[in-house]
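What follows is one structure encoded as structure tokens, with my remarks underneath.
Residue numbering restarts at 1 for every chain, and letters A, B, ... go by the order of the sequence lines.
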Amino acid sequence: MIEQFSRPSTIEEAVEHRTRTAESGYYAGGTWINHARTECTITHALSLECLGLDQITGSAKQLSIGAMVTFQQLVDSKDVPASIQAAARGIYSRNVRNMATVGGALASKWAPSSLYPVLAALEARIRVADGTSYSVSEYLTSGTPQQLITAVEVAEPQQDVRLFYEARSRGSRHLYTGAARDERLAVYLSFPGVPLTELSLEKTLVDSAARMTYDALVDQLLPLCSAAVPKKDDLHGSREYLSYSVAARVAMLLQPSQGGDK
Amino acid sequence: MKITYTLNSAEKEAYVDPGENLQSYLQRIGIRSVRNSDDRHGITGSDTIVFDGKTVNASLMVVAQIDGHSLMTVESLGQGARMHPVQSAMVDAGVVQSGYNSPAAALLIADLLARVENPSREHIDDALSSLYNRATGYQQFYTAVRLAEKRLKDPAYQEQVAQEFRDDLRIVGKNHPKVDGAKLVQGKKAFVEDMVEPGSCVLKMLHSPYAHAYITDIDVTEAEKIPGVVAVLTYKNTPDVYFTPAGQSFPEPSPYDRRMFAQKLVHVGDRVAAVVAEDEHIAQKALSTIHVTYEKLQPVFSIEDAQKEDAPIVHKSRISYGVGAPDDLEQVNSQADERDGRIEIQFPIGADPHKNKAASVSGSIGNVEEGFKQADVVIERTYQTTQVQCTPLETHVAYTRMDGDRLVVHASTQVPWHVRRVVARVLGISEHRVRVIKERVGGGYGSKQEILLEEVCAYATWITGRPVLLHFTREEEYTNSVSRFPMNIRVKLGAKRDGRLTAMYMDLKANTGPFGNHCLTVPMNGCSKSLPLFLSDNIAFDVNVFYSNIMPTGAYQGYGAPKANFALQTAIAELAEALEMDPLEVVEKNRVDEGVTLEILRCLGEGREGAPAEIESCGLREAVKQGAEMIEWGKKETSSDPFVRIGKGMALVQQGSGLPGLDQSNAAIRLLTDGSILVQSGGADLGTGFDTICMKVASEVLCLDPERISVLTGDTDTSSFDSGAFASSGTFFSGGAVLKAAEDLKIKVLKTASEMLSEPVEDLEVVFPEVVQGRKGSVSFTEIARQTFSGEGSGQLTGTGSFTCDKAAFPYGAHFVQVAVDTRTGAVTVQKYYALQDCGTPINPELAEGQIYGGVLKAIGHSLFEEVILDEEGRSLTTDLETYAVPMIGDIPEDFRVKLIETCDPYGPFGSKSVSEISMNGAAPAIANAIHDAVGVWVRDWPFTPEKILKGLGRLN
């Protein structure tokens, strides 16, 4: 239960406060801290709203997304590539998109968005207050609540990254989301409870995909996908189904001429 | 912490607990419109506010965040009592029905129109992506937005939002603002939660962690010592009275197998103990100190397992019968375990609880075996349906308080009179000591035909004298409210080569879960609302219903019909395939029509002897004809994507209009001193517009302007008995009583006018507005009222009406659908859905359309998305709206249309029949048939998930 709420005016002040007080925690939009799935353990919230982290700056060569940028800002910004906008729309509710921040979603490590695989596919770097940067995978593995995310940086934002996901209905949880970069050698997947996993494709398979029948391609992909999906059945689908479904989606990416890649 | 902020343009300053949830804070300071209906999941949007110009969910914020910021709530829209153009557009478009999140919708639309000029469908979908709407199916929001946009430019702008009917009538059959629309869309005091007084206690429940167990020990001493704890309730200190939560007319066909608290626990989430405390925090703390020792028992979950010889017995109770006890009852009871308590059965329902059988019934006409012998083709198929949940926005809630020596129950209920009866019975007091006030209902759909919490809340107030609130969390709504019965339905059909049916047989097995509420009537209704759609001389059915330890089941809109209709109509399409005929041709060769007598209904009498019924009005012929034309039946559609196949399907639908010979409704209409009138009806408006029907019926008969009519309904003190809003009875029965009361008052008005004008009654007529016109003179209602209230007057004129009816009024319809199936992913997209329905005279056309849209979308939900999923221990894995996948605006068909087919029923008020429930019955069979048309796969169990489609296609094992 939050008993104190303060608004540091500089990043240094926020970090100093966080370091000094064990019970404190960074507070961005509040969406995931206050969400039913979170048991809020911090007693002193350090709001990040006065730190100037709500800017998107960039060019075709470099994009920097402040940690306090909301998902709806991503959707609305002309500077943000379509792949990240699509990932932001992975949160169906506009209300939630208006509240949820990029930094908050990353720090939660579970937020139901498509951001993790898309940022991973874009080889984004997550910058924290001490200047260190992490890949998405590194951050999700080793990032700590003590680290203040300041920005997400994407070196080549216009890379062609395709997103896919599966859900029962628009507002329901995703069974998985996935993203692949244009080269399509790696597909990044996110499942409930497994925020990021990588599906590595062999170049020979990618190169020959266009010449294969769709069914043959799915057959080739199935063992890889089966290894990538969680070991247990999902609430909304068996493990076998998840493996097949992901394989089908990846096949569609690899064979856009067969009506895929939508 | 001191904060300053702007609320609806007014500067505010407050000292707050910084971590308090913002939605709770706003409620606490009196902003009622910001409601909670998803417990911090960010799905329903009932908690929408505008924060620094952006719409957000207040439940996902803490109060400290608003320091230095600006908030707008729906209270900022409109001026005083006057609605904002967005709000009036919503009311006129018919999207304000249950109204629980109408204030949120108004904010979202106002925000959209401030951001975007001439918004597209995509813009509207995006704006309303934050809104869960269960009542009206979203489609009419497109009309509301368009209307609002025009009204923002021209506040006087009007347009006809829905087709109107009956040129011979002034207000019946015409679009007219719902009488409670303004109150709801403005977020005024309307729901149970709005009635809670400061200083009231809360009641929180300790739930069973096990699906099947005995309480061997329970220690509440620590809980009782905690300051602020007012009472702790367990099976040891609560009434030993059994009842059924089913709000049905007495004597109920449902067995009395539920006690306020019991030693035997029969589902995960079952009541173990309750704490009544000064606040929720204290109650939760006290619950955590209650020590319970359980003896865990083997649970049983499926119909198959419940039938086994060695199956765990859910109720090894002592059984009694009101009448008709079986001869071996004493021997059966010798096997009872006293810890299982009792089961009281009012009359024989084919139950054998010690074999897990809750009810059974069989019936037939003709000779089905002979019928199958005569057939050229016989098919036999089995269909399965899973548990699905009503999922109303407003979770179950009751607030009880004492008024002197009387108990007042503020309830969100469909059955106020049954609540009074059950509460009085459980408390052991006379009904005159209990007043039930049905507040506005934030969605019921059948689940509020159950008495799930009123009796325990009332008892807490009765023994403590304190006002008590019990409000289900969303998780409790999923674990303690009711859901559809899972069913296995085997259908056997025989037909001649030309498609004519020779015999129909339905073997329906249902899983009633831990209690037997509606255990006989839901499955029977499945038979009685499906089999009579088709004509055959030989029809038979068997119904067997079993207890188990799944989450509770009960009434849900459609009441068994969606499941049996799914089975029967899919089987008809499968029969057509076997006959190599067009399924529509088979339907047309066998469907019912006006003038037909339904003999099978003699076997389907809700626990009593039934009677054949003649179909007096039926719009099926026109519905099928127009629907087939609209969807271009027979024309094969193709997709530009070679992996996507498109198919079409259809299904007939039928329901009833109340329960002939069982239901009763009463109403009174009083002429007030200025000639205006007050309508008092026992009917319960669930948001469907029943109060508006009362107003329109009275206005039409008595020729009064709607502005001169007020309607009071659903209060057991101020209105007279009504069976309740279930079985599609509202318009037909409750509306019928209002019609009779209006006609009665009209006679009395004419009689008084006759004396005043010295003209015979035969020479007088009531004309609009509120004048009695004679040949020689006229007199206004005001003058008549003054005369009757004077010292020489006859006394207040009151018309009364009591409506019973032994005739059935069946609404009919035909639903047509077009789906696209992606053969790679198994995804099914409903591209087109056309619901053509005959509800006689639609009294409220725009609201009738809304109910059909809402019913269809709920049915699309159970066909494609929704499913209660339990783990192997019987714990629900779908206790929130993210895991229990409800349809949102983005899930509705791209082309979604409702068409009302006008007929005129001889018994319903102004020719009307019911409209809402029936709309649930078509989606599953129509979509299943369309999937088959698209990819040749029969999916025989809902929901039709991509996994099942892929299996059907042979892509998965």
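Heavy atoms of B:Val644 lying under 4.5 Å from chain A are absent altogether. When heavy atoms are compared at a cutoff of 4.5 Å, B:Pro946 approaches chain A by way of both its backbone and its side chain. Contacts between B:Met61 and chain A at a heavy-atom distance below 4.5 Å involve backbone atoms as well as side-chain atoms. With a 4.5 angstrom heavy-atom cutoff, B:Ser639 does not touch chain A via any of its atoms. For B:Asp67, the parts sitting under 4.5 Å from any heavy atom of chain A are the backbone and the side chain alike. With a threshold of 4.5 angstrom between heavy atoms, B:Asp17 approaches chain A through side-chain atoms but not through N, CA, C or O. For chain A, the nearby parts of B:Arg955 are the backbone and the side chain; heavy atoms of each come within less than 4.5 Å.
Atom CD of B:Glu894 has 12 or fewer heavy atoms from other residues, nucleotides or ligands within 6.0 Å. Within 6.0 Å of atom OH in B:Tyr25, more than 12 heavy atoms from other residues, nucleotides or ligands are found, so the atom counts as buried in its surroundings.
Note that CG of B:Leu950 and OH of A:Tyr241 are 6.5 Å apart. Values are rounded to the nearest 0.5 Å. For the atom pair CD (B:Glu882) and CG (A:Leu235), the distance works out to 11.5 Å, reported to the nearest 0.5 Å. Taken from CE in B:Met888 to OG in A:Ser169, the straight-line distance is 7.5 Å, to the nearest 0.5 Å. To the nearest 0.5 Å, atom OG of residue A:Ser172 and atom CD1 of residue B:Ile43 are 8.0 Å apart. To the nearest 0.5 Å, atom CZ of residue B:Phe865 and atom CZ of residue A:Arg170 are 8.5 Å apart. Note that CD of A:Glu240 is 5.0 Å distant from CG of B:Asn957, once rounded to the nearest 0.5 Å.
Contact of the A:Tyr27 side chain with the B:Val62 side chain is registered, since non-hydrogen atoms from C-beta on lie closer than 4.5 Å. Counting only heavy atoms from C-beta outward, the side chains of B:His41 and A:His35 approach each other to under 4.5 Å. Counting heavy atoms from C-beta outward, B:Pro18 and A:Gln4 have side chains that stay 4.5 Å or more apart. In this structure, the side chains of B:Asn57 and A:Ser93 come closer than 4.5 Å at one or more pairs of heavy atoms. A heavy-atom distance below 4.5 Å is not found between the side chains of B:Leu864 and A:Arg168. Two residues are said to be in side-chain contact when any heavy atoms from C-beta on lie closer than 4.5 Å; A:Glu49 and B:His69 meet this criterion. Counting only heavy atoms from C-beta outward, the side chains of B:Arg40 and A:Thr38 never approach each other to under 4.5 Å. With a 4.5 Å cut-off on side-chain heavy atoms, A:Arg173 and B:Asp880 do not count as touching.
Side-chain atoms of A:Asn98 come within 3.5 Å of backbone N or O of B:Thr55 as a donor-acceptor pair.
Taking 4.5 Å as the heavy-atom cut-off, the residues of residues 85-92 of chain A that approach chain B are A:Arg89, A:Tyr92, ordered by number.
Between the side chains of B:Gln65 and A:Ser47, no donor-acceptor pair of N or O atoms lies under 3.5 Å. Residues B:Thr48 and A:Asn95 have side chains that bring a donor and an acceptor to within less than 3.5 angstrom of each other.
Across B:Gly42 and A:Val96, no two heavy atoms sit closer than the pair O-CG2, 3.6 Å.
Using a 4.0 Å cut-off between a side-chain N of Lys or Arg and a carboxylate O of Asp or Glu, B:Asp125 and A:Arg94 do not qualify as a salt bridge.
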